[in-house]
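Down below is the structure, laid out as structure tokens.
What you are looking at is a predicted structure, and each value in this text was computed from that prediction instead of being measured. Below, chains carry the letters A, B, ... as their sequence lines are ordered, and counting in each starts from 1.
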Protein chains: 2
Amino acid sequence: MKQLKLSNQLCFSFYALSRLVTSHYQPLLGALDLTYPQYLVMLALWEHDILSVKALGQQLMLDSGTLTPLLKRLEIKKLIKRVRSKEDERIVNIHLTTAGRQLQQEAADIPEKISCSMGFTTEEYNTLKPMIDNILKRHADE
Amino acid sequence: MKQLKLSNQLCFSFYALSRLVTSHYQPLLGALDLTYPQYLVMLALWEHDILSVKALGQQLMLDSGTLTPLLKRLEIKKLIKRVRSKEDERIVNIHLTTAGRQLQQEAADIPEKISCSMGFTTEEYNTLKPMIDNILKRHADE
DNA sequence: TGGAATTCAATTGCACACAATCTAATTTTA
DNA sequence: TAAAATTAGATTGTGTGCAATTGAATTCCA
């Protein structure tokens with residue numbers, strides 16, 4: 001039953017690593033009053049300014065059951081605005097507010113700090129990033 | 001602001017991959033009426049038969065706030081038993097029941113099926129496993 | 001063109017995660 | 001040895017994730 005040993009399971013390593021990384025973000029993001037998933041939404045919006053809930057879901061691989069309440073919390077914090085589209089009333093577009101746009105400056109040093117905190121080597125980054133993105137890509141429809 | 005681009009963030013890849021993997025377990029584990037974290041607990045118990053809540057937490061890197069309710073659900077399903085230690089009454093030891101032990105046979109083919117479903121290559125396994133476990137190890141105290 | 005199918009977001013319900021706090025038991029140490 | 005500190009687990013509260021369902025809007029197509 002070697003296959004059933006916890007320590008041999010690659011998937012458990014992924015699961016543990018994901019939570020480890022999130023825990024390293026927590027003190028940095030807590031200072032901005034953001035959670036990690038909320039930070040990911042802000043990242044996407046800093047890049048695109050306006051995105052529909054569906055487009056956000058595709059980028060973050062999250063569905064409306066996760067995003068709708070998360071976006072409501074960001075709206076309460078005045079970082080975003082939810083605007084139902086005039087052209088297609090099924091669509092809700094997420095806009096950055098001025099405060100949301102300003103937060104980008106405060107978040108500018110987070111990637112550097114995380115990389116330092118996690119202690120990623122150049123080799124790790126250069127190996128892991130393309131290999132994992134390749135796995136994600138070949139399951140892109142899920 | 002290249003660093004703040006979502007697509008450049010290694011940590012987002014970890015986060016997305018973890019959820020992708022869990023989603024591949026779901027149909028297999030659903031047939032056994034287990035969630036992925038519950039499956040991880042069963043894996044640890046199939047290997048060790050009896051573990052304290054603390055020992056489980058160390059292996060899975062989860063705290064009692066997560067484990068206590070999860071273990072209660074496994075106990076309701078009659079897969080485990082929670083037994084407070086006689087020697088040190090602060091400790092709760094988790095025992096496998098007969099049903100819990102029997103479930104191991106039904107789960108025996110899951111690692112193979114997941115590997116197939118995810119399509120991991122030998123190279124991916126041989127590269128990712130040691131590299132990620134090395135990252136986890138150097139943060140082992142968290 | 002009008003009913004069927006599809007799409008988008010919201011809602012509901014359940015199960016994690018985890019910070020913070022609490023209680024009880026044990027160990028340390030002054 | 002008794003008070004202080006530590007430890008183990010439970011509890012509370014907040015915020016995800018995600019399956020399943022719903023409802024409204026739009027598109028398809030016979």
Side-chain angles (χ1 to χ4, degrees), chain A residues 12 14-27 29-42 51-58 60-77 80 82-94 142, chain B residues 12 14-27 29-42 51-58 60-77 80 82-94 142:
Chain A
F12 172 67
F14 295 156
Y15 166 78
L17 179 60
S18 176
R19 286 185 297 116
L20 176 67
V21 163
T22 302
S23 74
H24 279 245
Y25 274 99
Q26 200 281 327
L29 294 178
L32 306 184
D33 190 28
L34 288 178
T35 65
Y36 184 62
Q38 288 168 12
Y39 169 69
L40 293 177
V41 167
M42 296 307 292
L51 285 169
S52 67
V53 174
K54 179 183 169 61
L56 267 173
Q58 287 170 337
L60 305 183
M61 305 183 211
L62 292 170
D63 72 2
S64 68
T66 300
L67 284 174
T68 296
L70 187 159
L71 293 170
K72 283 181 180 174
R73 284 187 280 271
L74 286 178
E75 189 170 39
I76 288 170
K77 296 182 204 178
I80 66 162
R82 294 154 70 244
V83 183
R84 197 162 285 273
S85 165
K86 284 276 171 32
E87 300 84 52
D88 185 339
E89 293 204 357
R90 293 170 302 182
I91 297 173
V92 169
N93 286 307
I94 309 301
E142 304 152 28
Chain B
F12 172 67
F14 295 156
Y15 166 77
L17 179 59
S18 176
R19 286 183 298 114
L20 176 67
V21 163
T22 302
S23 75
H24 278 246
Y25 273 100
Q26 200 280 326
L29 294 178
L32 307 183
D33 190 28
L34 288 177
T35 65
Y36 184 61
Q38 288 169 12
Y39 169 68
L40 293 177
V41 167
M42 297 307 293
L51 285 170
S52 67
V53 174
K54 180 183 169 62
L56 266 173
Q58 286 170 338
L60 306 183
M61 305 183 210
L62 292 170
D63 71 4
S64 67
T66 300
L67 284 175
T68 296
L70 187 158
L71 294 170
K72 284 181 180 173
R73 283 186 282 271
L74 286 179
E75 190 171 39
I76 288 170
K77 296 183 205 177
I80 66 162
R82 294 154 70 246
V83 183
R84 197 162 285 273
S85 165
K86 285 274 172 32
E87 299 84 52
D88 186 339
E89 294 203 357
R90 292 171 302 181
I91 296 172
V92 170
N93 285 308
I94 309 300
E142 304 153 26

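- Going from atom OH of A:Y39 over to atom C1' of D:dG15 covers 19 Å, rounded to whole Å.
- Closest approach to the B:Q38 side chain among C:dA15, D:dT26, D:dT16 is made by C:dA15 (side chain taken as heavy atoms from C-beta onward).
- At C:dA9, none of the side-chain N or O atoms of A:R84 fall inside 4.0 Å of OP1 or OP2 (strictly under the cut-off).
- Rounded to whole Å, atom P of C:dA10 lies 14 Å from atom CG of A:L62.
- B:K54 has no side-chain polar atom (N or O) that falls below the 4.0 Å cut-off from OP1 or OP2 of D:dA10.
- Distance B:L60 CG to D:dG9 P: 13 Å, rounded to the nearest Å.
- Rounded to whole angstrom, the span from the CZ atom of B:R82 across to the C1' atom of D:dT11 amounts to 12 Å.
- Distance from the side chain of B:R90 is smallest to D:dT7 among C:dA10, D:dT7, D:dA25.
- Side chain A:S64 to base C:dA10: a donor-acceptor pair is found below 3.5 Å.
- Nucleic acid contact class of A:D63 (heavy atoms, under 4.0 Å, all strands): base.
- Contact between the side-chain N/O atoms of B:T66 and the OP1/OP2 oxygens of C:dA17 is not found at any separation under 4.0 Å.
- Taking atom CZ of residue B:R73 and atom C1' of nucleotide C:dG13, one finds them 13 Å apart after rounding to whole Å.
- Distances shown here put every side-chain N or O of B:Y15 at or beyond 4.0 Å from the OP1 or OP2 atom of D:dT16.
- Side-chain contact check for A:F12 versus B:L60: some heavy-atom pair is nearer than 4.5 Å.
- Distances shown here put a side-chain N or O of A:K72 below 4.0 Å from the OP1 or OP2 atom of C:dT11.
- Looking at heavy-atom distances under 4.0 Å, A:T22 makes no contact with the nucleic acid at all.
- At the phosphate of D:dG9, neither OP1 nor OP2 sits under 4.0 Å from any side-chain N or O atom of B:T68.
- Counting to the nearest Å, the P atom of C:dA17 and the CG atom of B:L71 are 13 Å from each other.
- The nearest whole Å value for the distance from the CG atom in B:L56 to the C1' atom in D:dA8 is 13 Å.
- Distances shown here put a side-chain N or O of A:T35 below 4.0 Å from the OP1 or OP2 atom of D:dT16.
- Residue contacts for A:L70: at a heavy-atom cut-off of 4.0 Å it reaches the sugar-phosphate backbone alone, with no base atom in range.
- Spacing between atom CD of A:E89 and atom P of D:dA25 amounts to 6 Å, rounded to whole angstrom units.
- Each of A:G65 and B:V92 lies near DNA chain D, and the nucleotide nearest B:V92 is the one positioned closer to the 5' end.
- Taking the nucleotide of DNA chain C with the nearest heavy atom to each of B:Y36 and A:I91, the more 5' of the two is matched to A:I91.
- Considering only heavy atoms from C-beta on, B:L74 comes within 4.5 Å of B:L34 through its side chain.
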